[in-house]
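Read through the structure below, which is laid out as structure tokens, and then see the notes.
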Protein chains: 2
Amino acid sequence: MSKVDIKSIAKALNLSKSTVSRAFQSNSDINANTRSRILAYANEVNYRPNHYASNLREQKSKTIAVVVPELENNYFTQIIKGAEQIAKEAGYHTLVYATDDNVCKEREFVTSISNGKVDGVLMSVVGEGHDHSYLFNIDLVKMPIVFFDRLYDDVAIPGITTDDYQSSFEATEHLIQEGCKSIAFLVIDKDHSIGKERCMGYTDALKKHQLPVREELIVNCSNSYTENFVIITDLLTTDKPDAVFASVERLAFSTYYVCNHLGVSIPDQVKVVAFSSLQIAELLSPPLSTIVQPAEQIGREAARLLLKNLKNPNLTPSTDQIVLKSELKIRKSSQG
Amino acid sequence: MSKVDIKSIAKALNLSKSTVSRAFQSNSDINANTRSRILAYANEVNYRPNHYASNLREQKSKTIAVVVPELENNYFTQIIKGAEQIAKEAGYHTLVYATDDNVCKEREFVTSISNGKVDGVLMSVVGEGHDHSYLFNIDLVKMPIVFFDRLYDDVAIPGITTDDYQSSFEATEHLIQEGCKSIAFLVIDKDHSIGKERCMGYTDALKKHQLPVREELIVNCSNSYTENFVIITDLLTTDKPDAVFASVERLAFSTYYVCNHLGVSIPDQVKVVAFSSLQIAELLSPPLSTIVQPAEQIGREAARLLLKNLKNPNLTPSTDQIVLKSELKIRKSSQG
DNA sequence: TTGTATGCGTTATCAA
DNA sequence: TTGATAACGCATACAA
């Protein structure tokens with residue numbers, strides 16, 4: 001199969017390159033017959049435009065990147081799904097990248113794509129604790145970014161988040177109303193971003209109901225299942241809380257494993273609520289009470305916002321912050 | 001921020017474009033001092049090579065596509081994760097595309113990227129029933145493809161699959177040994193590809209143990225949860241099987257929902273086994289017996305095979321078929 | 001070791 | 001309506 005490009009088509013049909021090129025443009029001055037002749041032949045020889053060349057020429061790639069901390073989490077894959085759907089509708093492709101919660105990988109990737117690999121980026125950042133000054137070197141007009149889920153609030157970049165404080169507050173209040181007096185809060189990083197917001201919702205709810213905020217019940221966990229198993233086992237045997245509020249899905253799973261292992265009954269001895277977008281939460285033993293973030297919608301909104309910025313390349317990109325509502329789904333794990 | 005490219009750097013340093021270009025190539029004749037001077041300045045002005053241009057020039061994009069039927073399935077996201085990992089290590093980016101089990105979308109996407117958008121493709125195809133002749137128009141030397149999970153066996157394209165027949169046979173045998181006499185088999189499409197293999201494993205196991213193969217127990221399901229709910233409710237109330245073997249994860253979830261709804265006890269009244277890569281299968285109520293496919297490994301192997309083909313662009317791509325082993329994890333849902 | 005010139009495949013400007 | 005030509009930014013063959 002020899003190379004088929006605009007030039008070869010032109011030669012075969014005894015036309016010029018420009019005429020052939022025009023046949024593929026929608027609003028171009030070209031004779032209808034010539035066009036259909038070209039299209040017919042192009043179809044016959046199975047012509048596909050060369051992306052390298054048109055991208056170079058047009059200075060856009062019709063591709064967006066979606067950067068997530070991890071892929072093995074329903075929450076993020078639902079977001080990707082939503083984003084991919086909107087992107088697809090607008091004729092964009094989607095590049096997916098997992099940072100493995102590593103800010104170096106984040107920086108390296110975003111920097112490497114910042115000159116033409118993609119037209120824009122959707123990103124859930126690694127975390128505020130780290131140095132993210134690399135973002136100041138990115139030309140955000142050339143490659144707009146939209147944050148979702150987590151964000152850096154010292155950069156003027158639009159973002160989609162959820163009402164973390166409010167839903168955390170409600171979930172805690174729910175546990176209090178179920179009679180819980182010592183509620184543990186499991187978090188990855190209580191001092192930053194999402195963890196911080198969620199932690200504040202938790203403590204404020206305690207305060208409102210005159211319950212003490214006990215530092216030992218605010219437990220910093222890690223990303224490792226084995227480490228968390230130890231941490232949570234320790235928590236349940238030492239401090240014996242009557243409820244566990246997991247600020248991240250994974251920590252709820254670990255709590256279930258530990259409870260199974262220790263023979264601790266959920267919800268009789270410990271009630272559990274978690275931030276989670278797991279679709280089969282109801283099938284767990286016992287069904288898990290969840291705060292469900294509208295993951296797909298987050299992805300869709302983020303993509304829409306990005307595409308909007310992509311449409312107006314000359315304007316300073318909007319820096320809207322959109323906050324979506326999560327939903328508390330009360331199930332057996334936190335009741336009775 | 002004015003445009004920073006090789007030309008502007010060259011002008012600033014009083015060098016020629018080619019010298020500057022050389023500074024970024026690893027094995028190029030260039031004075032060490034000149035190089036470091038260029039790199040220093042490039043770093044200062046935050047230079048990034050333009051992907052459009054170098055791709056066009058080098059005829060490669062350093063990007064692979066991963067095409068999956070759906071994203072909301074742990075199995076496929078684990079595969080993506082494995083593939084992305086290998087791709088990343090080799091300096092490749094990963095484009096993800098969901099076909100929504102629609103062969104038109106599959107064709108459209110693969111065709112649209114077949115001239116330079118990506119260097120190669122990993123793909124789990126929509127299904128054998130459909131017309132996939134478009135693949136014959138793809139130049140597989142220019143853009144190699146590797147199948148995983150599902151494949152078309154009338155095209156000479158390498159693939160990674162699992163031992164579907166064997167593990168299906170074993171799972172069925174396990175149910176028989178647990179005393180089941182009427183085992184239902186839930187499948188999406190029993191006549192093709194994966195469904196076919198798995199169905200044969202099931203029927204052969206029945207035959208080996210002198211159990212009748214009853215057509216009404218081989219149930220074609222759909223991709224819709226609501227439709228499946230009706231189908232499975234009907235199955236459980238009419239035919240009253242003593243076991244359900246779900247050839248796809250989703251169908252096991254539906255079975256759980258239906259059993260909960262009907263008050264049918266798993267495993268006492270119905271035992272359940274399923275193909276599933278769900279990591280928290282153990283936390284379900286009851287813990288679900290699964291046939292676990294090595295999803296991440298599939299992704300890794302597929303990516304490795306593709307990268308191997310990408311290394312030898314002149315050779316006819318290898319057409320290896322690699323078969324990986326799945327593992328039967330027996331849990332409470334199929335015991336006692 | 002460095003500079004000059006050319007081409008990758010496409011689109012856009014201008015002239016015919 | 002069509003054709004000739006330049007340009008997008010980079011990398012290489014060849015010349016100096």
Side-chain angles (χ1 to χ4, degrees), chain A residues 2-39 41-42 45-62 112-117 119 139 142-143 313, chain B residues 1-39 41-42 45-62 112-119 139 142-143 313:
Chain A
S2 77
K3 192 175 48 192
V4 36
D5 54 12
I6 282 196
K7 197 162 114 193
S8 74
I9 296 180
K11 189 171 350 177
L13 296 179
N14 232 333
L15 292 165
S16 75
K17 286 194 304 176
S18 22
T19 309
V20 176
S21 175
R22 269 188 278 258
F24 301 108
Q25 310 306 96
S26 45
N27 43 2
S28 192
D29 289 337
I30 185 174
N31 180 293
N33 289 331
T34 330
R35 163 174 277 151
S36 52
R37 199 159 60 96
I38 294 173
L39 293 183
Y41 181 77
V45 295
N46 205 29
Y47 166 75
R48 305 290 157 212
N50 181 304
H51 289 273
Y52 313 128
S54 34
N55 288 350
L56 173 60
R57 182 61 225 229
E58 303 196 40
Q59 303 289 359
K60 53 186 156 69
S61 61
K62 281 289 205 173
S112 83
I113 58 173
S114 69
N115 200 347
K117 180 81 189 186
D119 296 339
D139 183 345
K142 225 174 141 192
M143 184 181 78
Chain B
M1 209 182 308
S2 78
K3 192 174 48 191
V4 36
D5 55 11
I6 281 194
K7 197 161 115 193
S8 73
I9 295 181
K11 191 174 342 180
L13 297 179
N14 232 334
L15 291 165
S16 76
K17 286 193 303 176
S18 36
T19 307
V20 176
S21 176
R22 271 188 276 260
F24 301 106
Q25 309 308 96
S26 44
N27 43 3
S28 194
D29 289 336
I30 184 174
N31 181 291
N33 289 331
T34 340
R35 163 173 276 151
S36 51
R37 199 159 60 96
I38 294 172
L39 293 183
Y41 180 78
V45 296
N46 205 29
Y47 167 75
R48 305 290 156 211
N50 181 305
H51 288 272
Y52 313 128
S54 36
N55 288 350
L56 174 60
R57 179 61 225 231
E58 302 199 39
Q59 301 290 3
K60 53 187 157 68
S61 61
K62 282 290 205 172
S112 82
I113 58 173
S114 69
N115 200 347
K117 181 82 190 188
V118 303
D119 296 339
D139 183 344
K142 226 174 140 190
M143 184 181 78

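- For the atom pair NZ of B/Lys7 and OG of B/Ser21, the computed distance is 14.5 Å after rounding to the nearest 0.5 Å.
- Among all heavy-atom pairs drawn from A/Asn31 and A/Asn33, the shortest one is OD1-N, 2.6 Å.
- Between the CZ atom of B/Arg22 and the P atom of D/dT12 there is a distance of 10 Å, rounded to whole Å.
- Counting to the nearest Å, the P atom of D/dG3 and the NZ atom of A/Lys11 are 15 Å from each other.
- Once rounded to the nearest 0.5 Å, the distance linking CD1 of A/Ile6 with CG of A/Leu15 reads 11.5 Å.
- Rounding to the nearest 0.5 Å places CG of B/Asn14 at 14.0 Å from CD1 of B/Ile9.
- With B/His51 contributing its side chain and A/Ser112 its backbone, the two residues share a donor-acceptor pair below 3.5 Å.
- From the 5' end on, the contacts that DNA chain C makes with chain B at under 4.0 Å to a non-hydrogen atom open and close at C/dT1 to C/dG9.
- A distance of 12.5 Å separates CZ in B/Arg57 from CG in A/Leu56, rounded to the nearest 0.5 Å.
- A/Lys3 NZ to A/Asn50 CG: the interatomic distance, rounded to the nearest 0.5 Å, is 10.0 Å.
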I'd like to compare against my own output: the B/S/- annotation of nucleotides 5-10 of chain D with a strict under-4.0 Å heavy-atom distance to protein.
-BBBBB
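- Taking only side-chain nitrogens and oxygens, A/Thr19 never comes nearer than 4.0 Å to OP1 or OP2 of D/dT1.
- The backbone N or O of A/Asn55 sits nowhere less than 3.5 Å from a side-chain atom of A/Ser61 that would complete a donor-acceptor pair.
- Under the 3.5 Å distance criterion, with hydrogens and angles disregarded, a donor-acceptor pair is assigned to the side chains of B/Lys142 and B/Asn115.
- With the end axes of the helix from C/dT1-D/dA16 to C/dA16-D/dT1 each set by five pairs, the angle from one to the other reads 40° at 10° resolution.
- In this structure, CZ in A/Arg48 is found 15.5 Å from NZ in B/Lys117, a value given to the nearest 0.5 Å.
- Distance CD1 (B/Ile30) to P (D/dA11): 12 Å, rounded to an integer number of Å.
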